[in-house]
Chemist: 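Sharing a structure, written as structure tokens. Questions coming.
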Amino acid sequence: MVVKEKMENGNVALNKPESFRTIHYLGSKLRVLEFIKKVVDELDPDRNGICDLFAGAGSVSQYFSLERKVVSVDIQNYSNIICSALLFPEESSLVNSFVERMNNSKFIVEYQKAFQPLIILEDSIINGELGTNLEAVCHFLENGSLYSHLSKDRENDIRSELGEAFNRVEENLKSFEGNSFIASKYFGGIYFSYKQSVILDAIITEIGNTNIKHQSFLLAALLSTASDIVNTVGKQFAQPIRPRNKNGQPKKGILKQLRKDRNIDVFDLYNHWLNKYSSNQFAENGHQVLGVDFREALMNLSDDVRIVYADPPYTRDHYSRFYHGLETLSLRDFPTVSKTKIGGKERFSRGLYRENREQSDFCIRSKAPKAFEELFKLVSEKNKILLLSYSPYDKSKGAHPRVMEIEALEKMARVYFDFVEIRSIGNLAHSKLNRTDLHLEAEESAEVLIICQNR
């Protein structure tokens with residue numbers, strides 16, 4: 001759907017795009033889109049194409065899609081799925097037919113029956129009598145992973161009621177194919193309630209049975225749903241909730257947060273996101289979504305793209321750590337979970353991270369200079385204009401260190417571009433994950449755009 005309005009001079013113009021948050025995303029650019037657009041329009045008034053080089057949650061791609069061709073690039077599959085849904089939304093008729101399909105889905109009943117022992121136990125802990133015993137709540141959160149149970153990876157003895165529920169579910173699962181229940185096996189009891197995870201699994205199964213050309217759109221709504229319901233601090237997948245204080249005592253407010261997140265109705269929320277994506281404004285400007293490394297994308301940029309907007313990660317925190325859950329749900333590939341040494345023994349990583357997850361060179365101090373140099377060199381060789389989004393940090397306030405100082409970036413850019421300018425967007429509070437207490441806080445910094453071009 002393309003929405004238009006008439007201007008005072010009689011010409012027809014596209015309405016101002018209404019970008020929305022697709023997932024809870026670190027460093028989101030939603031609040032600075034107007035500033036970025038002002039700079040882009042100034043540098044390229046002819047409205048040639050723009051490459052959104054590290055597209056992430058897709059806010060920049062979506063914002064420019066009405067007026068320019070957008071080439072959305074990200075190595076992470078969840079980003080490709082979301083950007084595809086934003087740039088190529090489906091009609092409401094697909095939404096209505098899929099909702100009707102879900103209303104009559106046999107998988108919801110079958111999956112709930114298979115997981116009933118865990119669903120009932122978890123509900124009694126969160127909403128029932130067992131919730132009065134915070135030790136029982138903590139025990140379930142610390143030992144409730146079906147993936148760990150099936151893999152025989154246990155650190156402690158588990159209570160008899162949880163062990164019995166696991167065994168009964170394991171027996172029930174023998175009636176299904178091995179490549180079923182990706183949400184429940186990996187994330188049930190840890191990031192989602194089992195009641196929620198089986199609905200996610202039923203939706204995933206029904207998506208897999210639809211025409212492949214519609215699957216990205218349907219999956220995007222599922223990823224947004226998963227991002228909203230995940231029961232963690234900051235709505236990320238970096239770490240599951242820690243139910244105990246440092247002294248080992250249960251946190252007093254743990255049950256309140258559990259009830260808030262784990263009782264969210266997945267199907268109602270998924271329906272909301274389907275309609276949200278479907279009502280998104282769009283224009284057929286020859287958009288592209290590329291799931292490739294930034295180097296490959298830049299080497300193959302077409303002549304009709306004039307601007308490259310780059311917002312790479314620039315701290316030591318790999319984004320794949322925060323969004324591995326969304327990556328797994330989008331790929332539906334049942335990955336091996338990474339292991340770490342705990343007490344001299346190899347155990348599954350607490351966050352159940354994907355093995356061999358993407359590690360960005362921009363996040364590694366020894367590799368970042370070369371990565372940035374390649375970025376500058378490739379954009380310059382293609383004779384494009386580069387807008388590099390960056391955020392300096394205040395050492396005195398204990399802000400999260402960047403892998404490269406902005407002064408070094410500016411100096412490097414001048415090797416490859418005739419003109420380099422730094423423009424400040426102003427103070428912007430980003431979300432960050434505090435390593436000390438695992439709480440997201442607001443980090444205020446002067447967001448800047450480093451403008452690089454050859455004249």
Side-chain angles (χ1 to χ4, degrees), residues 17-37 50-66 70-89 216-230 232 234-238 269-270 272-274 276-282 287-291 294 297 309-315 317-331 357-358 360 362-363 387 389-391 425 428-433 440 442-443 447:
E18 296 181 4
S19 292
F20 56 88
R21 175 193 59 77
T22 55
I23 57 174
H24 297 268
Y25 198 70
L26 294 171
S28 170
K29 293 298 181 285
L30 276 173
R31 285 173 291 175
V32 296
L33 289 173
E34 288 190 14
F35 179 85
I36 296 172
K37 185 178 185 302
I50 182 170
C51 173
D52 184 9
L53 197 56
F54 303 91
S59 60
V60 172
S61 291
Q62 179 190 17
Y63 197 71
F64 282 97
S65 63
L66 294 183
V70 172
V71 179
S72 175
V73 180
D74 204 292
I75 196 69
Q76 295 282 281
N77 191 65
Y78 73 83
S79 174
N80 304 152
I81 294 292
I82 290 170
C83 289
S84 293
L86 291 172
L87 299 179
F88 310 105
S216 287
F217 175 83
L218 298 172
L219 271 174
L222 181 126
L223 297 179
S224 295
T225 301
S227 180
D228 276 350
I229 68 172
V230 63
T232 61
K235 295 293 182 179
Q236 319 295 339
F237 288 82
L269 186 57
Y270 180 65
H272 160 78
W273 277 111
L274 283 175
K276 186 76 172 177
Y277 279 101
S278 179
S279 62
N280 180 43
Q281 301 174 35
F282 78 102
H287 305 309
Q288 293 177 277
V289 178
L290 305 177
F294 79 94
Y309 173 76
D311 182 30
Y314 37 71
T315 70
D317 292 322
H318 293 276
Y319 272 32
S320 60
R321 176 171 172 257
F322 296 91
Y323 308 107
H324 68 94
L326 300 182
E327 188 73 354
T328 294
L329 292 176
S330 72
L331 289 169
R357 59 188 170 86
E358 174 66 20
S360 172
F362 290 95
C363 297
L387 299 185
S389 186
Y390 209 71
S391 177
I425 296 174
L428 175 68
H430 278 314
S431 291
K432 70 171 183 176
L433 191 66
L440 280 169
E443 175 186 352
E447 185 87 2

Chemist: Considering only heavy atoms from C-beta outward, does the side chain of Asp228 approach that of Arg21 to under 4.5 Å?
Modeler: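 In short, these two side chains touch, coming nearer than 4.5 Å.
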Chemist: Begin with the C-alpha distance, continue with both residues' side-chain angles, and end with the deciding distance and a verdict on side-chain contact (heavy atoms from CB on, under 4.5 Å) for Leu26 and Phe322.
Modeler: CA-CA 9 Å; Leu26 294 171; Phe322 296 91; 3.6 Å; yes
Chemist: Report yes if the side chains of Leu30 and Phe20 come closer than 4.5 Å at any heavy-atom pair, otherwise no.
Modeler: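 No, their side chains stay 4.5 Å or more apart.
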Chemist: What residues form a side-chain hydrogen bond (donor to acceptor under 3.5 Å, both in side chains) with Ser227, not counting sequence neighbours?
Modeler: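 With neighbours one apart ignored, the set is empty.
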Chemist: Can you tell me how far CG of Asp52 sits from CD of Gln288, rounded to the nearest 0.5 angstrom?
Modeler: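 Spacing of CD (Gln288) from CG (Asp52) equals 13.0 Å.
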Chemist: Evaluate the criterion side-chain contact (heavy atoms from CB on, under 4.5 Å) for residue pair Glu327 and Phe237; output intermediate values, then yes/no.
Modeler: CA-CA 10 Å; Glu327 188 73 354; Phe237 288 82; over 6 Å; no
Chemist: To check you understand the geometry: which heavy-atom pair defines the closest contact between Glu447 and Ser389, and what is its length?
Modeler: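 Where Glu447 meets Ser389 most closely, the heavy atoms are OE2-OG, 2.8 Å.
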Chemist: What I'd like to find out is whether the side chain of Ser79 reaches to under 4.5 Å of the side chain of Phe54, using heavy atoms alone.
Modeler: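 No, side chains not in contact.
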Chemist: Before you tell me yes or no, could you show the steps for Leu86 and Tyr63 under side-chain contact (heavy atoms from CB on, under 4.5 Å), namely the whole-Å CA-CA distance, both residues' side-chain angles and the distance that decides it to 0.1 Å?
Modeler: CA-CA 10 Å; Leu86 291 172; Tyr63 197 71; over 6 Å; no
Chemist: Would you compute the distance between atom OG of Ser19 and atom CD of Gln281 and round it to the nearest 0.5 angstrom?
Modeler: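 Answer rounded to 0.5 Å: 9.5 Å.
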Chemist: Does Tyr270 reach the main-chain N or O of Leu218 with its side chain, forming a donor-acceptor pair under 3.5 Å?
Modeler: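 Yes: the side chain of Tyr270 pairs with the backbone of Leu218.
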Chemist: Do you know the tightest heavy-atom contact between Ala57 and Thr22?
Modeler: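 Nearest heavy atoms, Ala57 then Thr22: O-OG1, 2.8 Å.
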Chemist: Do you know which two heavy atoms are closest between Leu290 and Asn80, and how far apart they sit?
Modeler: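 Taking every non-hydrogen atom into account, O-ND2, 3.6 Å.
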Chemist: Do Asp311 and Val60 have side chains that approach each other closer than 4.5 Å (heavy atoms only, starting at C-beta)?
Modeler: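 They are not in side-chain contact.
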Chemist: Ser72: what forms a side-chain hydrogen bond (donor to acceptor under 3.5 Å, both in side chains) with it, not counting sequence neighbours?
Modeler: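 Partners of Ser72 by the side-chain hydrogen bond (donor to acceptor under 3.5 Å, both in side chains) criterion, ordered by chain and then number, come out as Ser61.
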Chemist: Roughly how far, to the nearest 0.5 Å, is the OG atom of Ser28 from the CG atom of Leu33?
Modeler: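 Spacing of CG (Leu33) from OG (Ser28) equals 7.5 Å.
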Chemist: Rounded to the nearest 0.5 Å, what separates atom OH in Tyr78 from atom SG in Cys83?
Modeler: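 Going from the OH atom of Tyr78 to the SG atom of Cys83 covers 9.5 Å.
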Chemist: Check whether any side-chain heavy atom of Phe294 lies under 4.5 Å from a side-chain heavy atom of Ile75, and answer yes or no.
Modeler: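 Sidechains of Ile75 and Phe294: no contact.
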Chemist: To the nearest 0.5 Å, tell me how far Gln236 CD sits from His324 NE2.
Modeler: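 It is 10.5 Å, given to the nearest 0.5 Å.
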Chemist: Shortest non-hydrogen contact from Ala85 to Ser216?
Modeler: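 It is CB-O, 4.4 Å.
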Chemist: Over all heavy atoms of both residues, which pair between Asn77 and Ser330 is shortest? Give the atoms and the distance, please.
Modeler: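 Scanning both residues completely, I find the closest heavy atoms to be ND2-OG, 3.1 Å.
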Chemist: Just wondering, do Ser224 and Tyr277 contact through their side chains at under 4.5 Å, heavy atoms?
Modeler: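 In short, these two side chains touch, coming nearer than 4.5 Å.
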Chemist: Atom CG in Leu219, atom CD1 in Ile81: separation rounded to 0.5 Å?
Modeler: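 Leu219 atom CG to Ile81 atom CD1 measures 5.0 Å (nearest 0.5 Å).
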Chemist: Search all heavy atoms of His24 against all heavy atoms of Gly234 and return the closest pair with its distance.
Modeler: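 Shortest heavy-atom separation between His24 and Gly234 comes out as CB-O, 4.2 Å.
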